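Since the model is a prediction, treat every value here as computed from it, not as a measurement.
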Amino acid sequence: LLNWLTKTLGHFHFAALLQAALFVALHNFAWQGGLQGAVAVAQSTVDALLYAYARQRTGSLWTPIAMHATGNSIAVVEMLA
């Protein structure tokens with residue numbers, strides 16, 4: 001998606017923002033408002049932008065996949081602790 005958006009829009013940064021918006025929409029579907037929800041949206045946005053820039057920088061899809069998996073693993077450990 002990021003490659004297609006970059007080619008279509010001709011600007012990587014705008015493409016990264018659009019894919020981040022989609023990532024947030026898919027990961028925060030249960031948001032009910034409040035500070036906790038706003039923090040979750042902000043965190044997801046930052047994560048998505050970091051994944052996009054990691055993909056751009058390394059040229060590999062595996063880097064953001066590993067980053068996402070690591071983040072999910074940390075979240076599970078936090079929930080179990």
Side-chain angles (χ1 to χ4, degrees):
L1 176 64
L2 183 59
N3 288 342
W4 179 80
L5 285 171
T6 301
K7 289 176 187 174
T8 302
L9 301 172
H11 195 270
F12 172 75
H13 300 294
F14 190 58
L17 285 172
L18 284 178
Q19 73 85 33
L22 180 60
F23 183 88
V24 169
L26 293 173
H27 283 78
N28 293 298
F29 56 87
W31 184 48
Q32 297 177 1
L35 180 60
Q36 185 176 3
V39 169
V41 167
Q43 180 180 357
S44 293
T45 302
V46 169
D47 288 349
L49 290 171
L50 288 173
Y51 301 153
Y53 286 104
R55 168 71 173 95
Q56 178 75 4
R57 175 85 169 138
T58 65
S60 173
L61 188 58
W62 290 108
T63 303
I65 289 172
M67 292 169 68
H68 192 279
T70 300
N72 286 349
S73 297
I74 291 168
V76 169
V77 169
E78 286 176 342
M79 288 186 335
L80 297 175

Taken to the nearest 0.5 Å, the spacing of F12 CZ from L5 CG works out to 10.5 Å
Minimum heavy-atom distance between S44 and H27, given as atom pair plus value: OG-CB, 4.4 Å
Distance from L17 atom CG to H11 atom NE2, nearest 0.5 Å? 9.5 Å
In Å and rounded to the nearest 0.5 Å, what is the CZ to CG distance from R57 to L50? 14.0 Å
Between T45 and F23, is any pair of side-chain heavy atoms under 4.5 Å apart? no
To the closest 0.5 Å, what do you measure between OG1 (T70) and CD1 (I65)? 11.5 Å
Quick one: does D47's side chain get under 4.5 Å of V24's, heavy atoms only? no
Measuring only between side-chain heavy atoms, which start at C-beta, is R55 closer than 4.5 Å to T63? no
Is W4 linked to L22 within one hydrophobic cluster, defined over Ile, Leu, Val, Met, Phe, Trp and Tyr using a side-chain heavy-atom separation of less than 4.5 Å? yes
Identify the heavy atoms of M67 and Y51 that sit nearest to each other, and give their distance. CB-CE2, 3.6 Å
Would you call the rings of Y53 and H13 parallel, tilted or perpendicular, where under 30° means parallel and over 60° means perpendicular? tilted
Search all heavy atoms of A20 against all heavy atoms of L49 and return the closest pair with its distance. CB-CD2, 3.9 Å
